Amino acid sequence: MEIEEIKRKLLQLSPMKIIFWGYCLIILAGSALLMLPASTGEGKVTPFLDALFTATSATCVTGLVRYDTYTYWSTFGQIVILALIQIGGMGFMTVAIYGISLTKRKIGLASRMIMQESIAAPQMGGIVRMTRGILIGTALTETAGALLLAFYFCPKLGLGKGIYYSVFHSVSAFCNAGFDLMGMEAEFSSLTGAAGNWYVNFIIMTLIVVGGFGFFVWSDIFRNRFHFKKLRVHSKLVIAISMTLILAGTAAIFLFEQGGQAYSGKSLPDQVLASMFQSVTVRTAGFNTVDIGAMTQPSQFLMVCLMLIGGSTGSTAGGIKTTTFAVLCISIFTTFRRRKSIEVFGRRLEDGVVRRASCVFMLYLLLSVTVAMVISSVESIPILTALFESVSAIATVGLSFGVTPGLGVVSEILLTLLMLFGRVGSITILLAFASGRTPIASKLAKEEIQIG
């Protein structure tokens, strides 16, 4: 009877609330596992807040860490982190729905609605088939990435350890998580040891971009056999904005770093490669091949902007999303051209899309700036450093100037909340805690105000 009562109460929750509380439960379960002595290399109990921070970072595919993943966590702890990354990257409802489908049980309308919200599916029809496609596509991509990385890791580490490292970094890259095991070379070194290795850099960058495009963009691409003109407007915007940001970011970082410390001693090809890698990874992946703290301030601020934009809706990436950024940019040109509707690629976008895009952007901006000011004040660190940490958390990036391990309790809690907010999504959280009442049209008299 108690089980039926719990089931009935769960069904009464909105899909948004189930998604939010689902992530919270997974994070708490992961925290409990990471607190076990078996999860650490020294066999000691990890403080709850640090375990919670790590579990949140893994589940929200962020990559911010209090301890170096290789030197502090045991193999068991690393596997727990990897499992949380995989669940968080695909979306916990994807795993749950697929598990239910294996039991041959009928998946009800409520479960399908939750699944649609969880992965930002364009429609509810065929949601179970989509789930299988996501899992198969994820498995194939991560396997391919692991096989390619094995040619780099196995000669260095041996067959068994090389395969383990290949799988870990392939999953972490595809899920845009940024966790790494390169602490064997130096703590918190990320991929700086492979800065000049074009082979490794391109594999990691490809995995990041594939994961950041989103499942439905790739479905659209394969369905239309790579014919750009036949793609949906959403897919066209994702591809166009992503490629533009990567190329523009590469050029800008390269120019800003001329004469800086970060590129000191690097050849011209290696500088181009480092610029491209940072441009790709900064949009929510969290790996780095150069010391972020040693980069020039213009580059660091540019990276803050790219982190805030993030990847695609329905992908493993975070941020306000490329389509949100596109809508805001297009709305500016629409205003200049004195048009009432937003038009792009020969289509008119739905009414209200600018309002939602503005809502998402302002929420991310206000939260990240507010938290940055608090952290800067509490920790007595420069505001740019604090802003970099807060944006990295809310955009689920994971890049850091190296101050995360030394932050106090207040800053740690704030960054944990930002990571959860960034992964679940601003609109989802707002709707989850909304009253649930039907929107009521205003009956008040209209009056205009001056803008600009």
Side-chain angles (χ1 to χ4, degrees), residues 63 68 70 144-157 162 165-166 168-170 172-174 176-212 242-307 309 384-385 388 392 397-402:
D68 181 75
Y70 173 81
L147 288 173
L148 291 172
L149 287 174
F151 288 100
Y152 171 76
F153 284 113
C154 287
K156 292 180 62 176
L157 306 173
Y165 269 57
S166 300
F168 190 99
H169 291 92
S170 178
S172 185
F174 176 75
N176 283 210
F179 280 83
D180 67 86
L181 300 176
M182 304 311 293
M184 62 178 181
E185 298 175 352
E187 286 190 352
F188 307 107
S189 61
S190 191
L191 297 176
T192 53
N197 192 312
W198 287 74
Y199 179 77
V200 174
N201 276 247
F202 269 101
I203 293 172
I204 297 295
M205 283 192 290
T206 301
L207 288 169
I208 292 169
V209 171
V210 170
S242 297
M243 293 299 101
T244 300
L245 290 175
I246 290 172
L247 294 175
T250 299
I253 292 173
F254 176 80
L255 292 174
F256 290 150
E257 289 305 314
Q258 295 308 302
Q261 295 180 1
Y263 285 5
S264 178
K266 291 184 180 294
S267 64
L268 182 61
D270 285 352
Q271 290 184 29
V272 173
L273 178 62
S275 301
M276 183 181 296
F277 189 90
Q278 263 51 242
S279 179
V280 170
T281 189
V282 77
R283 291 183 37 246
T284 85
F287 295 103
N288 60 284
T289 57
V290 297
D291 182 3
I292 302 298
M295 298 180 76
T296 62
Q297 287 196 351
S299 291
Q300 292 171 349
F301 187 76
L302 173 64
M303 293 169 77
V304 169
C305 297
L306 292 174
M307 286 193 294
I309 296 171
L384 180 57
T385 301
F388 198 96
S392 181
V397 179
L399 290 175
S400 172
F401 285 176

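Note that the structure is predicted; figures quoted are calculated from it, not measured. Computed from heavy atoms alone, side chains included, the values below leave out hydrogens, waters and symmetry copies.
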Holding to side-chain contact (heavy atoms from CB on, under 4.5 Å), I want the full list of residues that pass it with [X], two or more places apart in sequence or in another chain.
X	result
Thr206	Val210
Ser264	none
Asp68	Tyr70, Thr71, Glu187, Phe188

Check: [X] side chain, [Y] main-chain N or O, donor-acceptor pair, under 3.5 Å:
X	Y	result
Ser166	Leu147	no
Ser190	Asn288	yes
Ser279	Ser275	no

Begin from the C-alpha positions of Met276 and Asn201 and carry the test side chain to side chain contact (heavy atoms under 4.5 Å, CB included) through to its verdict.
CA-CA 9 Å; Met276 183 181 296; Asn201 276 247; over 6 Å; no
Please report the closest heavy-atom contact between [X] and [Y], naming both atoms and the distance.
X	Y	value
Ser392	Leu399	OG-O, 2.7 Å
Val397	Thr284	CG2-CA, 3.5 Å
Lys266	Ala195	NZ-CB, 3.7 Å
Ala186	Ser189	O-OG, 2.8 Å
Val209	Met243	CG1-CE, 4.5 Å
Val200	Ala194	CG1-CB, 4.3 Å

Check residues 290-307 and write down every donor-acceptor pair under 3.5 Å in which the side-chain atom is one partner and the other belongs to a residue at least two apart or another chain.
residue, atom, partner, partner atom, Å
Asp291, OD1, Gly293, N, 3.1
Thr296, OG1, Phe256, O, 3.3
Thr296, OG1, Glu257, OE2, 2.9
Thr296, OG1, Ser299, OG, 3.3
Ser299, OG, Glu257, OE2, 2.6
Gln300, NE2, Ile292, O, 3.1
Gln300, NE2, Gly293, O, 3.4
Gln300, NE2, Met295, O, 3.0

Please report the interatomic distance [atom1]([X]) to [atom2]([Y]), rounded to the nearest 0.5 Å.
X	Y	atom1	atom2	value
Phe287	Phe179	CZ	CZ	10.0 Å
Thr281	Ile208	OG1	CD1	4.0 Å
Phe401	Leu384	CZ	CG	5.0 Å
Tyr263	Phe254	OH	CZ	8.5 Å
Ser170	Leu207	OG	CG	4.5 Å
Leu181	Phe168	CG	CZ	4.5 Å

Give me each pair satisfying salt bridge (Lys or Arg N to Asp or Glu O under 4.0 Å) with a member in residues 192-202, each pair once, sequence neighbours excluded.
none
Would Leu157 and Met184 count as a side chain to side chain contact (heavy atoms under 4.5 Å, CB included) if you check the C-alpha gap in whole Å, the side-chain angles of each, and the deciding distance to 0.1 Å?
CA-CA 11 Å; Leu157 306 173; Met184 62 178 181; 3.7 Å; yes
Over 60° means perpendicular and under 30° means parallel, so tell me whether Tyr165 and His169 are parallel, tilted or perpendicular.
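Judged by the thresholds at 30° and 60°, the geometry between Tyr165 and His169 is tilted.
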Please set out all donor-acceptor pairs under 3.5 angstrom arising from side-chain atoms of residues 148-156, sequence neighbours excluded.
residue, atom, partner, partner atom, Å
Tyr152, OH, Lys156, NZ, 3.2
Lys156, NZ, Glu185, OE2, 3.4

